[in-house]
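Treat the numbers as computed from the prediction; the structure is a model and nothing was measured.
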Amino acid sequence: MTEDNPTQSDATPDGARTGVWLIGARGSVATTAVAGCAALASGMHPPTGMVTETDAFAGSGLPPLGQLVFGGHDTASCPLPKRAEHLVAGGVLPHGLPAAVYDGLAAADACIRPGGPLPGGSLSGGPLPGGSLRPSGAEGEDPREEDELIDAFAADITAFTRDNALARTIVVNVASTEGSCRGDDAAMPPSSRYAAAALRAGCPYVNFTPSTGLHHPRLRGEAGRRGLPHAGRDGKTGQTLLRSVLAPMFAQRALPVRAWSGTNLLGGGDGSALADPGAAAAKNAGKERVLADNLGGLPEGQLHIDDVPALGDWKTAWDHVAFDGFLGSRMILQTVWQGCDSALAAPLVLDLARIVARAHEAGIEGAVDGLGFYFKDPDSGPADLPGQWHELLALAGRLRAAA
Ligand SMILES: NC(=O)c1ccc[n+]([C@@H]2O[C@H](COP(=O)([O-])OP(=O)(O)OC[C@H]3O[C@@H](n4cnc5c(N)ncnc54)[C@H](O)[C@@H]3O)[C@@H](O)[C@H]2O)c1
């Protein structure tokens with residue numbers, strides 16, 4: 001952390017503001033990010049959990065927190081100040097914070113536009129700028145509708161950038177997790193339509209969820225062709241963060257892992273979205289990949305996600321690791337992670353938006369190397385957290401050199 005100032009002072013030279021367009025802008029993670037950014041920018045809270053506020057990124061030219069402007073798409077209509085009050089009731093945000101950052105929440109709320117179909121294509125989101133309804137656009141439907149919806153989303157993002165005189169806008173997907181997408185050229189799931197809209201609007205894209213996003217076959221390579229940076233997938237905030245530290249430890253100490261089992265209990269919107277087996281499968285694929293990549297194969301053991309509405313945004317994750325010691329002695333490691341999901345995720349969302357904004361400014365195109373530190377299922381790079389940290393520092397150095 002920089003010593004005298006709770007937030008980095010190395011503003012972009014021209015002082016232009018940066019847009020952060022959140023897909024799922026009324027969700028827990030998005031609301032915590034918007035409220036938290038306002039609280040940090042005004043010095044109300046220290047930037048705990050934000051790597052971009054440490055010395056690692058000093059002088060890298062990241063946009064300051066006070067110059068981030070928020071907007072986004074959502075299919076829900078609950079105003080952000082009210083959503084923030086719900087998060088206080090759930091123990092996610094501190095008492096008094098929504099009132100203290102009301103202006104920031106209200107300003108972001110005014111920039112939220114109706115989103116498109118819900119995961120599964122079941123519902124239209126709301127009115128288009130011209131007053132008509134967003135097309136329902138279920139998978140497999142008319143490609144013209146799909147194109148119109150992407151155009152409408154892109155127009156929303158372009159208007160936000162123009163109306164707020166922003167230097168650039170970063171689109172970040174923090175919407176509900178959708179089920180795995182078919183690996184063919186079929187109609188795009190909602191996350192891919194938003195990703196396509198981001199590119200159409202000339203914006204860098206970050207996928208903080210396991211949803212398909214830019215991984216749809218029709219979008220592969222498209223960001224690089226348009227000269228835009230992107231990063232993903234699925235923020236690494238709890239159980240998988242711990243796995244990316246522990247799995248390399250077993251491998252490096254030559255301790256064969258016989259079985260690795262895990263259970264997650266969580267509630268909130270994420271818990272109910274992950275009660276759908278398709279969405280849970282998309283999430284678990286990233287969690288398991290961390291083990292397979294670090295251990296050279298997937299050990300025995302299952303991974304479960306249980307929706308427990310009473311827990312709200314708080315998650316308990318158990319891991320049970322059975323491993324062999326010297327002369328075949330059998331040993332067990334058990335871990336319990338209890339965390340507030342959105343409080344873990346929001347600082348990462350802010351970090352990623354700032355880093356990818358700076359990468360765009362520095363002319364970096366395609367998948368940004370060095371961001372595996374933040375993701376369960378990164379596009380490239382090492383699978384162990386120490387290796388990923390090393391790569392992140394190298395990225396900070398490249399951004400500094402370009403400053
Ligand atoms: N620690 C974490 O919290 C964490 C870690 C990694 C990834 N994630 C991912 O972040 C995402 C958000 O998590 P959350 O806890 O904020 O969930 P949430 O349910 O609180 O919020 C999701 C928001 O997305 C909106 N939404 C759903 N479909 C949409 C669509 N088609 N268009 C626009 N908006 C849509 C919902 O209305 C809701 O407001 C999830 O996909 C989750 O898996 C969270």
| said: The test is side chain to side chain donor-acceptor pair (under 3.5 Å); show your working for Arg83 and Thr31 and say whether it passes. | reply: CA-CA 7 Å; Arg83 191 73 181 81; Thr31 308; 4.7 Å; no

| query | Is there a side-chain contact between Glu53 and Val51, using heavy atoms and a 4.5 Å cut-off? | reply | no

| request: Please tell me if the side chains of Pro190 and His73 come closer than 4.5 Å, counting only heavy atoms from C-beta onward. | output: no

| For Phe160, does its backbone N or O pair with a side-chain atom of Asn164 as donor and acceptor, under 3.5 Å? | yes

| Side chains of Leu265 and Trp314 in contact at under 4.5 Å (non-hydrogen atoms) | no

| query | Looking only at heavy atoms, what is the nearest atom pair of Ala345 and Thr237, with distance? | reply | CA-CG2, 3.8 Å

| request: Could you walk me through whether Lys236 and Gln388 pass side chain to side chain donor-acceptor pair (under 3.5 Å), step by step? | output: CA-CA 12 Å; Lys236 183 164 66 189; Gln388 292 171 338; 2.5 Å; yes

| query | About how many Å separate NE2 of His86 and CG of Leu80, when rounded to the nearest 0.5 Å? | reply | 12.0 Å

| query | Would you find a donor on one side and an acceptor on the other, under 3.5 Å apart, between the side chain of Ser211 and the backbone of Glu178? | reply | yes

| said: What's the separation between atom CG in Leu199 and atom CG in Leu214, rounded to the nearest 0.5 Å? | reply: 5.0 Å

| Distance in Å, Met50 CE paired with Cys37 SG, rounded so as to fall on 0.5 Å steps | 7.0 Å

| query | Would you say the side chain of Asn284 lies within less than 4.5 Å of the side chain of Ile305, judging by non-hydrogen atoms? | reply | yes

| Asp384 and Arg243 ion-paired at < 4.0 Å | no

| task | Give a yes or no answer on whether the side chain of Arg358 reaches the backbone of Leu399 with a donor-acceptor pair at less than 3.5 Å. | result | yes

| Beyond-backbone contact of Pro189 with His216, side-chain heavy atoms, under 4.5 angstrom | yes

| said: Please find the pair of heavy atoms, one from Gly104 and one from Val34, that lie closest to each other, and give the distance. | reply: O-CG1, 4.1 Å

| task | Please round to the nearest 0.5 Å and tell me the distance separating atom CG of Leu311 and atom CG of Asn264. | result | 11.5 Å

| query | Which distance, rounded to the nearest 0.5 Å, do you find between the CG of Leu22 and the CZ of Phe208? | reply | 11.0 Å

| query | Going by atom types only, do Trp260 and His320 share a side-chain donor-acceptor pair under 3.5 Å? | reply | no

| query | Are Leu241 and Leu385 side-chain neighbours, meaning at least one heavy-atom pair lies under 4.5 Å? | reply | yes

| query | When you look at Asp319 and Gln239, which way does the side chain to side chain donor-acceptor pair (under 3.5 Å) test go after all the steps? | reply | CA-CA 8 Å; Asp319 265 8; Gln239 182 180 49; 2.7 Å; yes

| message | Can you tell me which residue among Asp234, Asn173, Thr177 is in a side chain to side chain donor-acceptor pair (under 3.5 Å) with Thr209? | response | Asn173

| Donor on one side chain, acceptor on other, His360 and Arg168, under 3.5 Å | yes

| When you look at Glu222 and Arg226, which way does the side chain to side chain contact (heavy atoms under 4.5 Å, CB included) test go after all the steps? | CA-CA 6 Å; Glu222 193 57 26; Arg226 290 179 185 251; 3.0 Å; yes

| task | Would you confirm whether Arg193, through its side chain, and Met188, through its main-chain N or O, come within 3.5 Å as a donor-acceptor pair? | result | yes

| Distance in Å, Leu87 CG paired with Glu85 CD, rounded so as to fall on 0.5 Å steps | 9.5 Å

| Quick check: does any side chain N or O of Lys315 sit under 3.5 Å from a backbone N or O of Asp341, one acting as donor and the other as acceptor? | no

| said: Treating Asp351 as the side-chain partner and Thr52 as the backbone partner, does any N or O pair qualify as donor plus acceptor under 3.5 Å? | reply: yes

| Which pair of heavy atoms, one from Gly71 and one from Ala25, lies closest together, and at what distance? | O-CB, 4.3 Å

| task | May I ask you to decide if the ring planes of Phe153 and Tyr194 are parallel, tilted or perpendicular, using 30° and 60° as cut-offs? | result | parallel

| message | When you compare the side chain of Val92 with that of Ser28, does any pair of heavy atoms fall below 4.5 Å? | response | no

| field | CA sep, side-chain torsions, deciding dist, call: Val206, Val171, side chain to side chain contact (heavy atoms under 4.5 Å, CB included) | value | CA-CA 6 Å; Val206 176; Val171 175; over 6 Å; no

| request: Could you check Asp324 against Leu255 for side chain to side chain contact (heavy atoms under 4.5 Å, CB included), going step by step and ending with a plain yes or no? | output: CA-CA 6 Å; Asp324 284 338; Leu255 298 170; over 6 Å; no

| field | Pairwise side-chain contact, Arg200 with Ile150, heavy-atom cut-off 4.5 Å (strictly under) | value | yes

| query | Do Asp307 side-chain atoms and Ala275 backbone N/O form a donor-acceptor pair below 3.5 Å? | reply | no

| message | Under a 3.5 Å distance rule, please check whether Ser342 uses its side chain to pair with a backbone N or O of Thr32 as donor and acceptor. | response | no

| query | So, does Asp109 use its side chain to make a donor-acceptor pair with the main chain of Leu105 at under 3.5 Å? | reply | no

| For atom CZ of Phe323, is the number of surrounding heavy atoms from other residues, nucleotides or ligands below 6.0 Å larger than 12? | yes

| request: Evaluate the side chain to side chain donor-acceptor pair (under 3.5 Å) criterion for residues Asp379 and His215: first the C-alpha distance (whole Å), next the side-chain angles of each, then the deciding distance (0.1 Å), finally the verdict. | output: CA-CA 10 Å; Asp379 286 318; His215 282 70; 3.3 Å; yes

| said: Would Trp337 and Leu242 count as a side chain to side chain contact (heavy atoms under 4.5 Å, CB included) here? Give the steps. | reply: CA-CA 9 Å; Trp337 176 282; Leu242 203 54; 4.1 Å; yes

| query | Do you know the tightest heavy-atom contact between Phe375 and Asn207? | reply | CE2-O, 3.5 Å

| note | Here the pair of heavy atoms bringing Pro63 nearest to Thr18 is CB-OG1, 3.5 Å

| Of the non-hydrogen atoms in Met44 and Ala100, which two are nearest, and what is the gap between them? | SD-CB, 3.7 Å

| said: Between Arg233 and Gly213 (side chain of the first, backbone of the second, donor and acceptor by atom type, cut-off under 3.5 Å), is there such a pair? | reply: no

